[in-house]
Each structure stands twice: as C-alpha cells, then as structure tokens.
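No hydrogens, no waters, no symmetry mates; every other heavy atom, side chains included, goes into these values. Worth saying up front: this structure is predicted, and the values here are computed from it rather than measured. Here is the naming used below: chain letters follow the sequence lines, and residue numbers restart at 1 for every chain.
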Amino acid sequence: MSTLLSLRHLTKRFGGLVAVDDVSFDVAGGSIVGLIGPNGAGKTTVFNLITGNYRADAGDVIFENRSIRKLPTHQIVSLGIARTFQTIRLFLKLSVIENVLAGCHCRMRSGSLAAMFRTPAQRREEREALQIALAELDFVGLTPHAEQLAENLSYGNQRLLEVARALATRPRFIILDEPAGGMNDQETDNLIRTIQSVRDRGITVLLIEHDMSLVMKACEHLVVLENGAKIAEGPPRQIKSDPKVIEAYLGPEEDA
Amino acid sequence: MKTQRQVTYAVCAAVLLIAPAFLNSYWVDVLNNVGIYAILSLSLNIILGHAGLFHMGHAAFYALGAYTTAILNTTSGLPVIWLLPLSGLVAGLAALVVARPIIHLRGDYLLIVTIGFVEIVRIALINNIFGITGGANGIFGIDRPEILGMKIRTPLGFFYFIWGFAALTIFLFDRLEKSRFGRALNYLREDEVAAQGSGIDTAHYKLVAFVIGAVWAGMVGNIFAAKMTIIAPESFNFWESVVLFMIVLLGGRGSIPGVILGAFLVLGLPELFRQFATARMLVFGAVMVAMMIFRTEGILPPPPRKYPLSRPTAPGDRA
C-alpha cells in the first residue's frame with residue numbers, strides 16, 4: 001500500500017512547552033490507524049497540525065506527495081482531508097441536514113451572484129449537494145433527524161453528525177478525534193462498524209481514541225505518543241505488550 | 001407552509017401599496033423613511049445578522065453612496081439614476097479596502113474599529129476633504145431621479161420608488177439567504193473553526209458579506225440624496241449606525257421579515273407617539289431593554305430553512 005500521509009519531524013512549541021516533539025510516521029492508504037497516548041501527549045495537537053489549525057514550528061506534512069504545511073485549513077479540506085473535533089463542534093442552531101451541507105460546500109462553486117439570479121447551474125448544484133448530504137446522513141443513520149436542530153441530538157448522534165459532515169467533503173483521508181467519546185457500548189459497536197465501512201469506501205482513517213477496546217478492534221496500526229514524542233508504533237498486538245507503552249499508561253514500576 | 005408565507009408577503013405588499021391613498025404626505029414621507037431604513041437594515045443584516053460580524057459603521061457606506069451621487073451629479077450633471085449602481089460600487093470598493101485588514105477581528109474589537117471608521121468618514125466630510133464634500137454645510141442642488149422619462153419628486157413618487165427597491169432587495173436577499181453563500185455565513189457565525197474545518201474560506205465570506213452590505217447601503221445613499229436634494233455630514237453620524245444595528249437586533253438577526261418589522265417599530269413608533277413628546281424615547285428605551293431580556297433572538301427570529309427532503313412514505317418506520 002502506498003503512503004497517503006506522512007509526517008516528517010513535526011515539531012510544535014507553545015512558549016516553553018514542546019507539545020509535539022519531532023514526530024514522524026506514515027499512514028498507508030486504505031488503512032485504519034490509531035493515534036494513542038496518555039492525556040496531554042499531544043495527540044490533538046498533531047491533528048491540528050495536519051489540518052492547518054496550527055502551524056508547525058519545524059518539520060513537514062506530506063499528503064499525496066505534496067507539502068500541506070503552509071496551506072490554510074479550508075484548502076487542506078478541499079485537497080481531501082476531513083476531520084471531526086474532540087469537543088463536538090457542530091452548528092448547533094442549524095438543522096442536521098444543514099450541518100451536513102456545510103461539508104458539501106467545498107465541492108460547490110456557485111457564488112453570491114449566482115444565488116441572487118438563481119442560475120440553472122446553481123439550482124442543479126443545490127439539488128446535488130442535498131442528495132449527497134442526505135446520502136451521508138443515511139450512511140451514519142441519522143436520516144430521521146434531518147430536520148431537527150443539531151443541538152437537540154443526543155451526544156452520540158452529534159458525534160455521528162460530525163462524521164457525516166466530514167464525509168460530505170468527499171475526503172480521501174478522515175481524521176476522527178475521540179469519535180467514541182461519550183458513547184455507550186452499543187453506540188461504540190455501531191461506530192466501529194461505521195468506521196470500517198468508511199474505510200471500505202476507500203477513505204483512509206486516522207483516529208485518536210481512549211477506548212482501548214475500540215482501538216484494538218478497529219485499528220490495524222497504532223502510533224503511541226507520550227509527552228509530545230513518538231514512543232512506539234506497530235500493530236495493536238505488538239503495542240499492547242510493549243513495555244514502554246505500558247509504562248506510559250500505568251507509570252514506571254517502582255520498588256516496593 | 002410555503003404558500004402561507006407567500007400569502008403573508010402578498011397581503012403586506014398589498015396593504016403597503018394602497019396605504020398612500022389613506023395617508024397625507026407627511027405620513028407617506030414617514031413610510032419613505034421606514035423604507036430607506038428597512039433596506040439599509042436588510043443590507044446590514046447580511047453582515048450582522050447572517051455573518052454575525054459586529055459592524056456598527058454601516059452609516060459610513062451609506063454616506064459614501066450619498067456623497068458619490070451628490071458630488072458627481074452636481075459637478076458633472078450625470079443623471080441620478082445612473083449613479084445608483086455607481087454609488088453602490090464606490091461603497092463596495094471602500095468596504096473591500098477597509099474590511100480586508102480588519103476582517104479577522106472578532107466581536108467587540110471589530111465593533112470598536114467600525115465605530116472608528118464611521119467617525120473618520122463623518123469628520124472627513126465635515127473637514128471638506130479634497131475640497132469636494134462642502135464641509136459641514138454639505139452639498140445641495142442634487143437632481144431628482146428620472147425613470148422612463150418620469151421625474152420623481154413627490155413623496156408619493158418616492159414611496160413607490162423606495163418600496164419598489166425594497167421589494168427587489170427582499171427578493172434578491174431571500175434567494176441569497178437560501179443558498180450556499182447564505183449558509184456559509186451562518187456556519188461561520190455559529191462556529192468559525194468548525195466552518196474552516198468543513199472547508200469554508202471564512203475570511204473570504206466575511207469580506208464578501210461586507211461588500212454586498214456596503215453596495216446596498218451605497219445604493220440607498222443614492223436614493224436618499226435624490227430624495228433630500230441636499231445632504232450634510234449630520235445625516236450619517238454614529239447614531240444612524242446605532243439605529244440600524246438596533247433594528248437588526250430588535251427585529252431578529254438573519255430574518256428578513258423581522259428586520260422590516262424592526263424598521264417599522266424603530267422609525268414608526270416614535271412618530272405615532274409624538275404627542276407624548278418627551279416620554280416617548282423613555283418608553284422606547286424601556287421596550288428595548290425588556291426585549292433584550294425576554295426575547296434575545298429578536299421579535300421575529302428566522303425560521304429554519306426548508307429543504308425538499310424526500311420523506312419515507314410510512315411515518316415512524318425508523319424511530
């Protein structure tokens with residue numbers, strides 16, 4: 001499998017704190033990769049560096065053989081990288097279907113004048129966008145809620161709506177920041193199936209997750225961060241028994 | 001649901017259309033002012049209501065349009081009606097230049113800068129900048145607009161001109177709202193980071209919102225200049241910007257019917273209660289305060305947009 005995304009010596013400092021310290025790893029196209037680590041390890045910062053929300057102090061982000069380090073977020077999205085947020089960031093006062101339509105935005109072209117004069121191309125585009133949005137809603141199973149306000153959805157459904165919005169940008173690569181946060185076991189199982197069918201659509205998945213059962217079940221490859229640096233990388237079984245990873249999660253073994 | 005809305009619009013339009021038959025020219029002129037403020041507020045609504053940008057300098061764009069018309073008409077004799085699009089263009093260009101460096105400012109910071117902008121424009125006009133604005137006295141002797149060989153000069157003539165333009169504005173802005181553009185403004189108002197993360201170039205949309213709002217304010221400036229035939233810096237002071245801001249908040253941010261109702265209330269009510277003289281502004285202020293406490297979204301908040309969703313035939317088959 002070819003490499004879709006590659007981080008090279010990525011470093012980000014906040015004042016004196018090195019949040020991400022010389023992190024390099026590759027994500028193979030068509031895989032489901034997990035990024036794990038204790039709280040404060042810099043996982044979300046890595047995501048924000050990939051999506052252009054933060055600028056890296058050093059290193060590079062290569063997506064499909066092209067450096068995206070200096071691009072603004074919206075351009076990165078239109079190149080095919082979509083994301084969800086750890087703290088859910090929906091447009092709460094807008095309807096569910098409009099939240100998904102936000103994702104369609106970057107694949108549409110008509111501007112304000114076309115809207116005022118309602119050109120045939122503009123109307124066609126609106127119809128197509130609505131079809132795509134409905135299809136993505138159906139994919140995550142939220143079709144019955146299409147006309148509700150996003151704020152009235154349950155927590156788990158809000159997470160799914162974020163996934164639908166991200167998928168509506170027609171990405172080749174999707175980044176999920178704690179997708180199972182706040183979900184019960186049954187919702188988590190459904191989520192795993194959803195993530196797998198996202199991958200089956202040819203979309204590569206990178207996710208941060210604390211729920212180890214989800215990580216072990218869903219991911220084919222794991223990258224472990226601690227204090228901003230990568231400490232291990234490999235298949236889940238191997239990571240599970242890696243002494244450095246165990247130490248990072250449980251603390252160093254002390255003499256009694 | 002669609003028809004009910006259309007009926008409401010049609011009834012309001014019909015009432016307005018025949019209203020002058022029952023009103024003297026003073027009240028027709030009051031309605032003209034309401035119309036001017038309604039269009040101005042609709043243009044501010046794009047910026048403040050839809051994009052959520054706290055812009056309190058809208059009178060500056062209004063002034064630029066009015067002065068463009070006044071200066072070009074009095075010096076070169078260009079017909080006022082031709083200057084309508086040109087005034088919009090000048091105000092729009094000014095918005096492009098002014099808004100670009102300040103567009104990343106948020107909330108109260110943007111508010112302060114835009115207040116500064118409207119004051120700069122007013123003071124520049126008073127100081128007779130470039131020797132063309134006529135200083136504190138302003139410019140007089142502006143022509144009346146002429147459409148299809150008919151010169152508009154009476155309040156009644158202006159009534160149909162202004163409200164015709166208002167109808168066109170409502171028609172176009174309603175379409176604008178229900179489009180990719182309108183949604184993009186709402187997304188960035190709700191959550192800018194999420195909007196960017198969904199692939200929306202938020203800086204671009206904020207700028208375009210400013211430009212569209214300014215173009216319309218500039219065109220209303222043209223209508224105002226032609227209606228008054230004399231303009232002075234006092235017509236475009238900070239208070240005008242505050243009134244427009246108030247109309248949008250009171251009526252309902254992002255709601256076309258709300259903003260129009262707001263214009264009627266803010267301009268119409270003080271006229272109705274004129275006999276209560278000094279107390280009227282007090283009552284008015286109290287109403288504003290009460291509204292901000294009890295109905296924070298405005299009197300007529302916008303209904304959610306409707307989309308033609310193909311519904312499942314049997315309701316409740318998926319809980």
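Contacts between A/Phe91 and chain B at a heavy-atom distance below 4.5 Å involve backbone atoms as well as side-chain atoms. Both the backbone and the side chain of A/Leu101 come within less than 4.5 Å of a heavy atom in chain B. Looking at B/Arg183, the atoms closer than 4.5 Å to chain A (heavy atoms on both sides) all sit in the side chain, from C-beta outward.
Taking non-hydrogen atoms and a 4.5 Å limit, the residue list of residues 199-208 of chain B in contact with chain A, ordered by number, reads B/Gly199, B/Ile200, B/Asp201, B/Tyr205, B/Val208. The interface of residues 120-127 of chain A with chain B, defined by heavy-atom distances below 4.5 Å, comprises A/Gln122, A/Glu125, A/Glu126. Residue-level contacts of residues 165-174 of chain A with chain B, in order of numbering, are A/Arg165, A/Thr169; threshold 4.5 Å between heavy atoms. Proximity to chain A at a heavy-atom threshold of 4.5 Å picks out B/Leu172, B/Phe173, B/Arg175, B/Leu176 from residues 161-177 of chain B, in numerical order.
Chain B forms more heavy-atom pairs under 4.5 Å with one residue of A/Gly103, A/Ser112, A/Ala82, A/Ala129 than with any other, namely A/Ser112.
Under 3.5 Å, the side chains of A/Arg83 and A/Asn48 contain a donor-acceptor pair of N or O atoms. Between A/Thr44 and A/Asp177, the side chains place a donor N or O and an acceptor N or O closer than 3.5 Å (distance only, hydrogens not considered). Side-chain contact annotation: A/Asn152 with A/His145, donor-acceptor N/O pair under 3.5 Å absent. When only modelled atom types and interatomic distance are considered, B/Tyr307 and A/Glu98 share a side-chain donor-acceptor pair under 3.5 Å. No hydrogens or angles considered: nothing links the side chains of A/Asp57 and A/Thr11 as a donor-acceptor pair under 3.5 Å. A donor atom on one side chain and an acceptor atom on the other are found under 3.5 Å apart for A/Asn190 and A/Arg193.
No more than 12 heavy atoms of other residues, nucleotides or ligands lie within 6.0 Å of CG in A/Asn65, so this atom counts as exposed by the packing criterion. Within 6.0 Å of CG in A/Asp185 there are 12 or fewer heavy atoms belonging to other residues, nucleotides or ligands. Within a 6.0 Å radius of CD in A/Glu151, other residues, nucleotides and ligands contribute more than 12 heavy atoms.
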**OP:** Decide ring pair (Phe, Tyr, Trp, His ring centres under 6.0 Å) for B/His58 and B/Phe117; before the verdict, give the C-alpha distance in whole Å, the side-chain angles of both, and the deciding distance to 0.1 Å.
**Re:** CA-CA 9 Å; B/His58 212 51; B/Phe117 174 57; over 10 Å; no
Decide yes or no on side-chain contact (heavy atoms from CB on, under 4.5 Å) for A/Asn157 and A/Leu160, but give the supporting numbers first.
CA-CA 5 Å; A/Asn157 281 345; A/Leu160 288 175; 3.9 Å; yes
### Task
Please step through salt bridge (Lys or Arg N to Asp or Glu O under 4.0 Å) for the pair A/Glu136 and A/Arg201, ending with a clear verdict.
CA-CA 12 Å; A/Glu136 295 301 350; A/Arg201 285 166 59 175; 2.8 Å; yes
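Using modelled atom types, one side-chain atom of B/Thr69 and one backbone atom of B/Gly65 make a donor-acceptor pair closer than 3.5 Å. Using a distance-only test at 3.5 Å, with no hydrogens or angles considered, a donor-acceptor pair links the side chain of B/Asn45 to the main chain of B/Gly254.
Here the closest non-hydrogen pair linking B/Ile81 and B/Pro145 is CD1-CB, 4.3 Å.
For the pair A/Ile36/A/Leu225, no side-chain contact is recorded, criterion being any heavy-atom separation below 4.5 Å from C-beta on.
A/Tyr54 and A/Phe14 have perpendicular rings, their planes meeting at more than 60° on a 0 to 90° scale where under 30° would count as parallel.
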